[in-house]
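Report on one structure; see the data block that follows.
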Amino acid sequence: MTNTGQMVNAYVAGRGNLSAEDQALVARRARALGPAYRLFYETPVHLVRGEGVWLYDKDGKAYLDTYNNVASVGHCHPHVVAATARQAAVFASHTRYLHDTVLDYAEALLAHFPSDLSHLMMTCTGSEANDLAYRIACAHTGGTGFIVTDNAYHGVTHTIAGMSPSLGTGVALGEHVRLVPAPKGAGDVGADFAAGVQAAIDDLLRHGIKPAALIVDTVFSSDGVFVDPAGFLRPAAEAIRAAGGLFIADEVQPGFGRTGEAMWGFQRHGLIPDMVSLGKPMGNGYPVAGLVIRPEVLAAFGSKARYFNTFGGNAVAAATAMAVLEVVQNEHLQDNARVVGAAFAEGLRGLASHFECLGQLRAVGLFLGQDIIRDGAPDAALTGRIVNGLREARVLISATGPQAHVLKIRPPLVFSMENVDTFLTAFEGVLRKL
């Protein structure tokens with residue numbers, strides 16, 4: 001990140017190899033959308049459609065998508081598309097009218113959670129879900145202090161952007177926010193992470209700020225993907241609860257079976273959060289998100305505040321989300337993530353024996369973080385060359401981590417063994433060229 005708000009793997013005007021048509025499109029974006037948006041890749045990709053794990057450009061060329069967890073069950077899955085269209089043709093209003101669809105979905109989704117988590121509040125985005133979690137945590141605890149990891153991303157509302165240091169130094173941290181190091185390194189990962197959380201709690205209290213919550217993405221994706229050992233989150237959750245705060249699991253990226261080992265990332269750690277935020281994969285591209293909550297945590301907020309979201313939980317959103325959940329179940333996508341993800345990780349480790357630039361791999365299911373190094377140190381420049389080399393080979397990934405040296409590999413859950421082979425062949429070709 002830079003203090004100008006630049007992002008990892010961002011297009012820089014004047015670089016790349018854009019056609020005249022795409023140069024005109026970039027200029028048109030700037031005129032219509034303004035300066036805050038960013039494009040991926042040195043040469044941005046002009047996409048026109050998607051199907052399964054493939055995205056297609058305006059010339060009909062296919063790109064293997066190993067990055068987008070939004071289309072979690074595959075781009076334009078016919079079961080999901082049909083459900084969206086069918087409901088949109090019948091009824092599309094909000095939750096202030098009685099209708100079955102949102103209740104059917106809520107009951108089906110909650111059946112995948114521990115019984116302690118038995119309320120669902122619907123939003124449109126993960127950012128909104130985390131913003132709602134912030135409000136509920138403050139109401140329940142009477143505190144305002146929040147703890148996040150030092151390169152976390154949790155959303156883009158004013159409050160939650162202030163808890164998302166990965167947005168860069170151009171976005172100010174909230175005054176009541178404290179950062180802790182991501183859970184990495186050797187030794188007792190759980191104890192070390194909990195010690196960081198306790199230090200943050202102590203600092204909040206020293207400044208007269210009552211702790212409200214620790215919120216973490218349960219695979220720490222923006223920090224560089226940290227997933228092992230399973231169970232390491234428990235001591236940190238115990239520390240925040242001992243201080244009167246809550247533990248919030250941000251499952252926007254790891255949720256809905258992506259880890260392969262469990263439906264939700266927090267389940268790998270043998271704990272039950274106080275709230276769980278959901279987002280992107282929930283609607284496979286349709287804006288659906290939500291917050292799953294312990295009833296006793298919601299009680300204070302619900303007794304004093306009226307909650308309404310014009311589009312959150314509308315009938316079309318609920319029907320779409322139900323179809324996504326059905327596909328995850330009926331196509332056994334959690335199991336697919338486990339089996340295919342293990343093969344993916346094995347293939348990357350095999351390549352590491354031939355290429356010194358491939359450092360540590362951290363992976364669970366279909367979420368993989370591959371370090372790129374030179375002389376044992378993180379190499380962001382080489383990482384960028386690899387990402388853009390893969391783009392030229394028509395394989396889409398990106399990079400993450402505070403030093404921008406981690407390949408972030410997060411394909412749709414329908415990824416196959418054949419798709420893994422396609423990726424590994426392209427990856428090896430790019431590495432050999434470099």
Side-chain angles (χ1 to χ4, degrees), residues 109-120 129-130 133 137 140-141 147-149 152 154 180-198 200-201 211 213-221 223-278 281 290-298 328-329 333-335 337-339 341-342 345 362-369 413:
L109 179 68
L110 291 170
H112 290 276
F113 281 89
S115 59
D116 305 64
L117 292 158
S118 58
H119 284 337
L120 170 66
N130 282 329
H140 177 75
T141 65
I147 301 169
V148 301
T149 51
H154 294 294
V180 296
K184 55 188 173 183
D188 191 330
V189 177
D192 290 345
F193 186 58
V197 170
Q198 186 61 55
I201 291 168
L214 165 68
I215 178 170
V216 301
D217 161 2
T218 56
V219 294
F220 299 87
S221 54
D223 291 289
V225 186
F226 295 99
V227 295
D228 290 319
F232 74 74
L233 275 176
R234 291 184 67 179
E238 291 167 359
I240 189 65
R241 284 170 170 161
L246 303 176
F247 174 66
I248 304 170
D250 185 334
E251 293 285 343
V252 171
Q253 299 204 53
F256 290 94
R258 177 161 293 279
T259 69
E261 297 177 5
M263 188 68 164
W264 315 110
F266 70 80
Q267 291 175 308
R268 300 181 62 246
H269 294 280
L271 56 81
I272 301 175
D274 298 294
M275 290 186 274
V276 180
S277 55
L278 309 173
L291 187 67
V292 178
I293 318 155
R294 292 177 183 260
E296 65 273 21
V297 169
L298 183 56
V328 171
Q329 294 174 284
L333 295 187
Q334 180 184 320
D335 192 54
R338 179 182 58 82
V339 174
R362 297 172 298 280
V364 61
L366 282 173
F367 213 130
L368 305 97
L413 298 179

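Here the structure is a predicted model, which means the values were calculated and not measured.
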task: May I have the step-by-step check of side chain to side chain donor-acceptor pair (under 3.5 Å) for Glu296 and His140, ending in yes or no?
output: CA-CA 9 Å; Glu296 65 273 21; His140 177 75; over 6 Å; no

So do the side chains of [X] and [Y] get within less than 4.5 Å of each other, counting heavy atoms only?
| X | Y | value |
| --- | --- | --- |
| Leu246 | Val297 | yes |
| Val276 | Phe247 | no |
| Thr149 | Pro181 | no |
| Ile201 | Ile147 | yes |
| Leu110 | Val292 | yes |

Quick one: [atom1] on [X] to [atom2] on [Y], what's the gap to the nearest 0.5 Å?
| X | Y | atom1 | atom2 | value |
| --- | --- | --- | --- | --- |
| Met263 | His112 | CE | NE2 | 4.5 Å |
| Leu120 | Leu291 | CG | CG | 8.0 Å |
| Ile215 | Ile248 | CD1 | CD1 | 5.0 Å |
| Leu214 | Leu233 | CG | CG | 8.0 Å |
| Arg294 | Asp116 | CZ | CG | 5.0 Å |
| Ser118 | Leu298 | OG | CG | 9.5 Å |

- request: Using the side chain to side chain contact (heavy atoms under 4.5 Å, CB included) rule, take Arg241 and Asp274 through it: C-alpha gap first, then chi angles, then the decisive distance, then the call.
  value: CA-CA 10 Å; Arg241 284 170 170 161; Asp274 298 294; 3.2 Å; yes

Contact summary for [X] and [Y], nearest pair of heavy atoms:
| X | Y | value |
| --- | --- | --- |
| Phe232 | His269 | N-ND1, 3.2 Å |
| Gly245 | Thr141 | CA-CG2, 4.3 Å |
| Val252 | Pro281 | O-CD, 3.1 Å |
| Pro254 | Asp217 | CD-OD1, 3.6 Å |
| Leu413 | Ala337 | CD2-CB, 4.3 Å |
| Asp250 | Asn130 | OD2-ND2, 3.0 Å |

task: Under the side chain to side chain contact (heavy atoms under 4.5 Å, CB included) rule, what do Leu117 and Phe266 come out as? Steps first, then yes or no, please.
output: CA-CA 13 Å; Leu117 292 158; Phe266 70 80; 4.3 Å; yes

field: Audit row: Leu278, Leu109, side chain to side chain contact (heavy atoms under 4.5 Å, CB included) steps and yes/no
entry: CA-CA 11 Å; Leu278 309 173; Leu109 179 68; 3.8 Å; yes

query: Should the pair Phe113 and Trp264 be assigned to parallel (<30°), tilted (30 to 60°) or perpendicular (>60°) ring geometry?
result: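 Aromatic pair Phe113/Trp264 classed parallel.
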
message: Evaluate Thr218 against Glu251 for side chain to side chain donor-acceptor pair (under 3.5 Å), listing each step before the verdict.
response: CA-CA 7 Å; Thr218 56; Glu251 293 285 343; 2.9 Å; yes

Glu261 and its side chain to side chain donor-acceptor pair (under 3.5 Å) partner, picked from Arg338, Arg268, Gln334: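 Of the listed options, the one satisfying the test is Arg268.
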
query: Do Lys184 and Asp223 sit within salt-bridge range, that is, some charged N less than 4.0 Å from a carboxylate O?
result: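 Salt bridge absent between Lys184 and Asp223.
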
query: Any cation-pi pair here, Arg362 with Phe226, using under 6.0 Å and within 45°?
result: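 Yes, Arg362 sits over the ring of Phe226.
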
- request: Establish, yes or no, whether a centroid distance under 6.0 Å links the rings of Phe367 and Phe220.
  value: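 Phe367 vs Phe220: aromatic centres not under 6.0 Å.
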
